[in-house]
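Have a look at the structure below before the remarks.
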Protein chains: 2
Amino acid sequence: MKKNKEVTIYDLAKKLKYSPSTVSRALNNHKSISEKATREIQATAKKMGYRPNSLAASLRNNRSKTIGIMIARINRPFVSTLISGIENAARKAGHNVLISQSNDIYENEVNNAKALYDSRICGLIVSLGMETKDTKHFQQFADQNIPIVFVDRAPDDFNSYRVIIDNYAAGYRATQHLIDQGCKRIAHFAGAQHLNVYNLRKKGYLDALRENNIPVDEELIMDLKTMSFAEGKEATRILLERDNPPDGIFSSNDTAAVSSIITAKDKGIKIPEELAVIGFNDDPISSIVDPALSTVSHPAMKMGEISTQRILDHSTRNMDADISEITMLDTEIIVRNSSKRIKD
Amino acid sequence: MKKNKEVTIYDLAKKLKYSPSTVSRALNNHKSISEKATREIQATAKKMGYRPNSLAASLRNNRSKTIGIMIARINRPFVSTLISGIENAARKAGHNVLISQSNDIYENEVNNAKALYDSRICGLIVSLGMETKDTKHFQQFADQNIPIVFVDRAPDDFNSYRVIIDNYAAGYRATQHLIDQGCKRIAHFAGAQHLNVYNLRKKGYLDALRENNIPVDEELIMDLKTMSFAEGKEATRILLERDNPPDGIFSSNDTAAVSSIITAKDKGIKIPEELAVIGFNDDPISSIVDPALSTVSHPAMKMGEISTQRILDHSTRNMDADISEITMLDTEIIVRNSSKRIKD
DNA sequence: TTGTAAGCGTTATCAA
DNA sequence: TTGATAACGCTTACAA
């Protein structure tokens, strides 16, 4: 088991007859070091295969260049795009990214928070799991002035950065869109109501109905626990078997929306003529289903980039971690054939 | 900017009148420490809010508990599921996961390798980018006996662990399936041929044709650089405008396959009667497109878990890093309506 | 501009 | 069973 001993700044110092501090400074392009020494040291470092040990630097500086991510599941289109945005921005700034997923289990979320804390991350980006109802496990970061950015699924009882979309407005506009297409009985697939994202979309839906003088029919509001394909199918089945079925569905995610399109088509219902459907997220499946699903697009990549930026800025500006700063991004209603009754 | 000073083992030691070494051992459940001391120390640690600093431990041990991942893009269904599998297995073993993406740019891949090396990861899991044609940037890990696992897109000129599928067999069987459905002129969407995954699928395709005495028509082999939706569309258009169009397509990924279904349907071609299509990966879109796409399923989650296991085992068994060990996983042909001519 | 020395929080070795 | 001490590789006052 060969293993070449690693080159350290001490090795460089000995070789070049400089002190370790000079070597360290030269490697970090410190201005006090002569150009000649800097060149010489950097050249030798390269030649000898020196590689900085960021563990050591982080320990010494009491500050790592590592951003931690906590999400429920990595393999969801929105989430993986979000992570992609975070990673791109972090990498560009010379930071690393540690990921952790809870698989929607609260206990995992708590343990992951511990593990990331122990890794002395310099900032945390979180999108809450379905099960998360309290936030005490995030306090440890705030206590050490480690900035926390809640993205998308954010709590509102915790001071921190928030990068979110206007879920209320999006829900309102999605519903209004269906109304504009002539829908009179609009059903809603509502997600877990303790999560703001779902709760606000529902509020937007309700207000849009009210302001258009459409009576709210509680029977049309389907509470889906996980918004899965199977749940969407079941909800659609129930709705369509009613005496007075809906003529439109606003689903809080695309998975359930696509499921409803497929289920309804199967039962011979015409989309969008008899049932207009709009989803949420603009997942890849939404442009593949036939007819293509209208949806609300989430700027996932951008949300990731902005979240990273909040963390980087926080460190630079030396802010206090119990700041509360909300960044609200625009969503866009994407109209496709699943809801286009009025052709242009 | 309040910031509670963090509690260290020295603080615990002072408080309890033990030495730091005893505290350290107690926290690690070292057997030489009395039960009483261990209990007492762990209780006080909890009470005082002690949190281990894994940077310090890693530095001291010259060995971190962090697995690095290098992939091209996170937001692809196969990749994000792979990462999910890696993360689950790593977390269970008390390891962290650092991610890096190259966005299919070779230079980024090289820089990411450097960054992960500098973080002193204990193992590396890699799926190569489209542009990667050499592997010298991985040598630094082997030199330090840091195990490398190539997953899916693996080079064959580098000794390491490999967790792959039998692309040749999968290509062969996918093609055979189309032949079994009565296809006589089968086109192939081939990806970048310097990558084994695509190269072997094509070989399987060619051999299946030959062994069924079907002449290979070079005109039916479409070289797609990135296997994107747009490329799939264009390739389909070209094929269908030929005097002698294909009656089947084996696409090396689902994106291009789905694209071909949509494009062909648009031109009034009946799927699967006039054109049977099979893809590769079993991405979510493949079960949503109408007719649903037959495909070859990749055990992505499992590949991630196994890759992590290779790294963990390597450390435990104290192996030499220039080992060459291949794990080949089974794929499954999933027959859906896009190729089902013979109904059961 | 460069060097000395201390220290970041652990853990392993050796000794008691 | 416990303690003293050095070391992991780096950075930064402070001194020269």
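The chains referred to below are lettered A, B, ... by the order of the sequence lines, with proteins before strands, and numbering in each begins at 1.
- Between A:Tyr117 atom OH and C:dG9 atom P the separation is 11 Å, expressed in whole Å.
- Within 4.0 Å of A:Ser21, counting heavy atoms only, lies at least one base atom of the nucleic acid.
- No hydrogens or angles were tested; on distance alone, nothing pairs the side chain of B:Arg120 with the base of D:dG9 as donor and acceptor under 3.5 Å.
- With rounding to whole Å, A:Leu55 atom CG is found 10 Å from D:dC8 atom C1'.
- Among the nucleotides D:dC10, D:dT2, D:dC8, the one closest to the side chain of B:Arg60 is D:dC8.
- Between B:Glu6 and A:Arg120 there is a salt bridge, with a side-chain nitrogen of the basic residue lying less than 4.0 Å from a carboxylate oxygen of the acidic one.
- Of the candidates C:dC14, D:dG9, C:dT11, the closest approach to any side-chain atom of B:Asn28 belongs to C:dT11.
- Using a cutoff of 4.0 Å between basic side-chain nitrogens and carboxylate oxygens, B:Arg310 and B:Glu305 are not scored as salt-bridged.
- Of the listed nucleotides (C:dG9, C:dT2, D:dC10), C:dT2 has the atom at the smallest distance from the side chain of A:Ile33.
- Whole-Å rounding puts the B:Asp11 CG to C:dG9 C1' distance at 10 Å.
- Between atom CZ of residue B:Arg76 and atom CD1 of residue B:Ile83 there is a gap of 12.0 Å, rounded to the nearest 0.5 Å.
- Contact annotation for A:Lys36: no contact, since no heavy-atom pair falls under 4.0 Å across all strands.
- Side chain to side chain, B:Ser19 and B:Thr22 meet the donor-acceptor criterion of an N or O pair below 3.5 Å.
- Rounded to whole Å, atom C1' of D:dC10 lies 16 Å from atom CZ of A:Arg51.
- DNA chain D is contacted by both B:Glu35 and A:Arg63; B:Glu35 maps to the nucleotide lying nearer its 5′ end (nearest heavy atom per residue).
- If you measure from atom OH of A:Tyr18 to atom P of D:dT11, you get 18 Å, rounded to the nearest angstrom.
- B:Ser24 comes within contact range of at least one nucleobase, with a heavy-atom separation under 4.0 Å.
- Listed nucleotides C:dT10, C:dG3, D:dG9 differ in distance to B:Thr8; the shortest reach to its side chain belongs to C:dT10.
- In this structure, B:Asn29 places its CG atom 16 Å from C1' of C:dT10, rounding to the nearest Å.
- Nearest approach of B:Ile69 to B:Leu116, heavy atoms of both residues: O-CD1, 3.8 Å.
- Note on B:Ser32: a base of the nucleic acid sits closer than 4.0 angstrom, heavy atoms only.
- Per the geometry, CG belonging to A:Asp118 stands 14 Å off P belonging to C:dG9, to the nearest Å.
- Nucleotide D:dG9 holds its C1' atom 12 Å from the CG atom of A:Asn61, rounded to whole Å.
- Comparing D:dA13, D:dT2, D:dC10 against the side chain of A:Arg25 picks out D:dA13 as the nearest.
- Residue contacts for A:Tyr10: at a heavy-atom cut-off of 4.0 Å it reaches a base atom on one of the strands shown.
- Here C:dG9 is the nucleotide among C:dG9, D:dC10, C:dA12 with the atom lying nearest to any side-chain atom of B:Asn53.
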